[in-house]
Amino acid sequence: MKKYVIFLIVTLCIFLTGCEEKKEEIVMVTEAGFAPYEYYSGGEIVGVDVDIAKRIAEKLGKKLVVKDVAFDSIISEVKTGKSDFGAAGISYTEERAKEVDFTINYAESKQVILVRKNSTIKTVDDIKNKRVAVQLGTVADTYLSEEYPSVSLVREKKFLAAIQDLKDRKVDVVVMDELPAKELLTDDLIILENPLLIDEYGMVVRKGNQELLTAINDAIKEMKASGEIEKMILSHMGVEEKEKNETIWDRFYNSVIKDQRYEFILEGLRNTLLIALGAVMIGIFLGTVAAISRNIYENTGHLRILHWISKSYVSIIRGTPSTLQLMIIYYVIFKQTDIHIILVGILAFGLNSGAYVAEIIRAGINSIPKGQWEAGYSLGLSYGKVMRGIILPQAVKNILPALGNEFITLVKETSIGAYIGIVELTKASDIIASRTYDYFFPLILIAIIYFVITLCLSKLIGLMEKRLNNARN
Amino acid sequence: MLEIKKLKKKFGSKQVLKGINMTVEKGDIIGLIGPSGCGKSTLLRCMNLLEKPDSGEVIFEGDNLIDNKNFETLRRKIGMVFQQFNLFEHMTVLDNITYAPVKLKLMKKQEAEKEAKKLLKEIDLEGIMNQYPSQISGGQKQRVAIIRSLMMKPEMILFDEPTSALDPEMIGEVTNLMRKLARDGMTMVVVSHEMSFVKSFCTKVLFMSDGIIKEEGTSKEIFENPKDDKLKSFLSKINSY
């Protein structure tokens, strides 16, 4: 057993160090579901923003790294220095300008109104009292919240989800940027002639990073003057042809095979497994330490401080949402630290799982009759020898089903890793859907994968239970 | 061999032991009797410190066990047999018997197994040595438990109602083993409700009531010529069965 654990840790280290590039990098953070500014093509993030960013990186003599996170995380990514600059079709607002510095604008966009073809909504004024879908944290979201208190806003994580809501009649209106709206437009939808508002896009850098700000501004000025940006926008428009009357096979092909999209799924699977595996090991370690230190204190009075820490740890972790823990670890604790994001995931999920494992182990220890302790003590065995040789082996057998449950939960829980930009299974399916505008196969496929993983896990636990039972009967 | 002085123990607000003084000499077979709740089991459990007394002394072969850094080593020399047997459920009979001496490095594994097999054979139990506790009868479990304590080569053994959890037909096999230990000169303290066994087995009997030792004497004195009123009423209740 020990050998396997060491092997796993070594592989993990090799994998994680293998991911680090030594060349000096400049990190652009974006949300790659916003064609033509940024979107996935053949496994790579491309788009107008990426083209401009490449030019900036070139000028600075650095290697461009593009990072994909949720749109509402972009400002904090830049603020905390985890990324150097954000470029995601970000509109200038006063709130944002308080948090980060904006460059000069490089493109302007209209926030347009999308409705179904047969809709009674004809002008901007008609949207009052209607259900309107927007993307969370976009300028449309803020603007409508302030200026149109009568509309009931549906804040989706993705434009695509907002459009789907419109098609499914869950909302009456979608407000979004003009260019991606044109990209997503299908026969059953129209864009109203008058936009809700016109706004301007800038890139954002950390407050006070004058050097980078100037470099980006210079690059934008130059490219605007030469008309390059306009060309870039045109070249990225209508890249993704919309196919009509697709058969199921076409949809499968588009979702999985075309442009090697299965690679997202594979990457997601690898990350999901890696995080789950690492987190399980950390969880077992922390859980055992926490549970045993409490038991030692309760039985012998030693380790008072560790016992107190363990108790607080368990109640804090159990008392807060895991998404929050993940975000606090990433954006608060590891703020401005160069740590691999998978490692953050492993730590966060391991820390979370450890608290639950601690309680499971504690319950397992308490389930062993007092007489077993007394028999051990009466033979002159010490607390440690009784715990290791008599109590824990019996407790482990009792808690296996509960532990198995915890690990199955953990595997599924890793899906919230997408919040901090980890490309795990759920994020992978999101990426694919953001290109194909078709959620069906990506979602079904990862559902099957999750199911198979957890099924294998429960079979494995079942096998261990059986072996332990056979040993006794 | 064992001397108890002014032993007091409280559970919550209930004073269970109110100052016990008693002495166990080598070769004594002491019966502790009394109504339930009188503190006899607690007294027994204080003798090897499974319960920690609030005050008083437990002196075993010259050493006070209380707050003694070495008490785990001293405790090895005081065996204990429980009402509920308390065999280690995850170990075979053989492992139950050899676990402590091997873990405490008193014997090599082979040596311990040889000794265990010899002891099992003497009472015709060598056939169950590879079985688990859940597979054997209560009488067998209790005899295995006795052998488990014998492996530590104890100076004395404490019995906490050793036959109370047994079916009637199995009591004999356990008491026979105890009689055999007595013949070999083992010092024993027995808490029991089996008055006829105590009467015929013990050399000395202590009657406890309400946290104190009310009367002590030979088993003949206690059972045939009781003096204390509480002892008299206790015996008459039992005899009226």
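In what follows, chains carry the letters A, B, and so on, assigned in the order in which the sequence lines appear, proteins first and then strands, with residues in each chain numbered from 1.
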Quick one: what part of B/R45 sits under 4.5 Å from any heavy atom of chain A, side chain, backbone, both or neither?
-> side chain

What is the minimum heavy-atom distance between B/Y99 and A/K385, and which atoms define it?
-> OH-O, 3.7 Å

Could you check which of B/L158, B/L87, B/V81 has the highest count of heavy-atom pairs closer than 4.5 Å to chain A?
-> B/L87

Using a cut-off of 6.0 Å, state whether more than 12 heavy atoms not belonging to A/M464 lie near its atom CE.
-> no

Which heavy atom of B/L50 sits nearest a heavy atom of A/E374, and at what distance?
-> CD1-CB, 3.8 Å

Heavy-atom closest pair (A/G380 atom, B/R76 atom, distance to 0.1 Å) is CA-CG, 3.7 Å

Is it the side chain or the backbone of B/Q84 that comes within 4.5 Å of chain A heavy atoms, both, or neither?
-> neither

Residues, nucleotides or ligands: over 12 heavy atoms within 6.0 Å of A/Y419 OH = no

For B/L104 and A/L381, which heavy atoms make the closest approach, and how far apart are they?
-> CG-CD2, 3.9 Å

Within the distance-only criterion (no hydrogens, no angle test), does the side chain of B/H90 pair as donor or acceptor with the backbone N or O of A/G389 below 3.5 angstrom?
-> yes

Toward chain A, the part of B/M152 with a non-hydrogen atom under 4.5 Å | side chain

What option among B/M80, B/Q83, B/R148, B/M151 has the most heavy-atom pairs under 4.5 Å with chain A?
-> B/R148

Has B/F11 got more than 12 heavy atoms of other residues, nucleotides or ligands less than 6.0 Å from its CZ?
-> yes

Above 12 or not: heavy atoms from other molecules or residues under 6.0 Å from CG of B/D184?
-> yes

For chain B, which residues from residues 284-299 of chain A lie under 4.5 Å away (heavy-atom distances)?
-> none

Is B/K204 atom NZ crowded by more than 12 heavy atoms from other residues, nucleotides or ligands, each under 6.0 Å away?
-> yes

Distance in Å, A/S382 OG paired with B/R75 CZ, rounded so as to fall on 0.5 Å steps = 10.5 Å

Value rounded to 0.5 Å, distance of CG in A/L379 from CD1 in B/I97 | 11.0 Å

Does CZ belonging to B/R179 count more than 12 external heavy atoms closer than 6.0 Å?
-> yes

Near A/K311 NZ, under 6.0 Å, is it more than 12 heavy atoms from other residues, nucleotides or ligands?
-> no

Which pair of heavy atoms, one from B/F82 and one from A/A375, lies closest together, and at what distance?
-> CE1-CA, 3.6 Å

Per-residue contact mode, B/L74 against chain A (heavy atom under 4.5 angstrom) = neither

